[in-house]
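Here is the structure we will look at, set down as structure tokens.
Note that the coordinates shown come from a computational prediction; the quantities given were computed from them, not determined experimentally.
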Amino acid sequence: MKVDISRVKIFVTIPNEKLEDVRNAVCQIGAGVIGNYTYCTYSVKGIGTFVPNEDANPHIGTKNKLEFVQEEKLEFICDINKVKDVIKAIRYSHPYEEPSIDIVPLIDETSFD
């Protein structure tokens, strides 16, 4: 089996009210493309928690206090050559000082032929 990683799946948690800002930012530069379809994303609602320390500049919450925030986890596929630009777009459009971003390499299904 020959494995060539040409795409990744990116996951990012976002406060509900900023979901569309981040989705539009990443899709406008080419993330979320599957075949002949664009803006292919998936989101799940959840509750995020965090405690900003003394050095933090939190968008939501208070330093040294546990916060609970209604968020959505947005996920989408991205070509490997666009990842750096997509990360920049997330950081630019996301309100958090330190957004949670996960990047997972994908194995193309043709690798299993």
Evaluation steps, side chain to side chain contact (heavy atoms under 4.5 Å, CB included), between Ile5 and Leu106: CA-CA 6 Å; Ile5 305 297; Leu106 297 176; 6.0 Å; no
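- One finds no salt bridge joining Lys82 and Asp85 here, because no Lys/Arg side-chain nitrogen approaches an Asp/Glu carboxylate oxygen to under 4.0 Å.
- Taking each heavy atom of Val33 and Gly35 in turn, the nearest pair found is CG1-O, 3.8 Å.
- For the pair Gly48 and Glu71, the tightest heavy-atom approach, listed with the atom from each and the gap, is CA-OE1, 3.3 Å.
- For Tyr39, the OH atom sits in a packed shell: over 12 heavy atoms of surrounding residues, nucleotides or ligands are nearer than 6.0 Å.
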Could you list the donor-acceptor pairs under 3.5 angstrom formed by side chains in residues 22-32, with sequence neighbours left out?
from: Arg23; atom 1: NE; to: Glu20; atom 2: OE1; distance (Å): 3.2
from: Arg23; atom 1: NE; to: Glu20; atom 2: OE2; distance (Å): 3.3
from: Arg23; atom 1: NH1; to: Thr41; atom 2: OG1; distance (Å): 2.4
from: Arg23; atom 1: NH2; to: Glu20; atom 2: OE2; distance (Å): 2.9
from: Asn24; atom 1: ND2; to: Glu20; atom 2: O; distance (Å): 3.1

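- Contact record, Gly61 with Pro58: O-CG, 3.8 Å, taken as the closest heavy-atom pair.
- At distances below 3.5 Å, at least one donor-acceptor pair connects side-chain atoms of Asn53 with backbone N or O atoms of Asp55.
- Distance OH/Tyr92 to CG/Asp21: 10.5 Å, rounded to 0.5 Å.
- The closest donor-acceptor contact from the side chain of Lys63 to the backbone of Ala56 lies under 3.5 Å.
- Linking Ile, Leu, Val, Met, Phe, Trp and Tyr whenever their side-chain heavy atoms come within less than 4.5 Å puts Ile87 and Val12 in one cluster.
- Annotation: side chain of Pro15 is in contact with side chain of Tyr96 (closest heavy-atom distance under 4.5 Å).
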Could you go through the side chain to side chain contact (heavy atoms under 4.5 Å, CB included) check for Ile14 and Glu72 one step at a time? CA-CA 5 Å; Ile14 309 159; Glu72 291 197 45; 5.5 Å; no
Please report the C-alpha distance between Ile80 and Val8 in whole Å, then the side-chain angles of each, then the deciding distance to 0.1 Å, and finally whether the side chain to side chain contact (heavy atoms under 4.5 Å, CB included) criterion is met. CA-CA 6 Å; Ile80 200 90; Val8 299; 3.6 Å; yes
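- Residues Tyr42 and Ile77 do not share a hydrophobic cluster, clusters being chains of Ile/Leu/Val/Met/Phe/Trp/Tyr side chains in contact below 4.5 Å.
- Legend: residues meeting ring pair (Phe, Tyr, Trp, His ring centres under 6.0 Å) with Phe50, ordered by chain and number and at least two apart, are absent.
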Between Val51 and Lys65, is the side chain to side chain contact (heavy atoms under 4.5 Å, CB included) condition met? List the steps. CA-CA 5 Å; Val51 177; Lys65 180 179 177 236; 5.9 Å; no
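- The line from CD of Glu67 to CD1 of Ile47 is 12.5 Å long, rounded to the nearest 0.5 Å.
- Side chains of Pro99 and Arg91 form a contact here, defined as non-hydrogen atoms less than 4.5 Å apart.
- Remark: Glu17 CD is packed, more than 12 non-hydrogen atoms of other residues, nucleotides or ligands lying under 6.0 Å away.
- For the atom pair OG of Ser43 and NZ of Lys73, the computed distance is 11.5 Å after rounding to the nearest 0.5 Å.
- Side-chain atoms of His94 come within 3.5 Å of backbone atoms of Thr13 as a donor-acceptor pair (strictly under, hydrogens ignored).
- Distance check, rounded to the nearest 0.5 Å: CG of Leu19 to CG of Leu74 gives 5.5 Å.
- One distance of note links CD of Glu54 with CG of Asn64; it measures 4.5 Å at 0.5 Å rounding.
- For the atom pair Ile10 CD1 and Asp102 CG, the distance stands at 10.0 Å (nearest 0.5 Å).
- Counting only distance, with no hydrogens or angles, the side chain of Glu97 and the backbone of His59 share no donor-acceptor pair below 3.5 Å.
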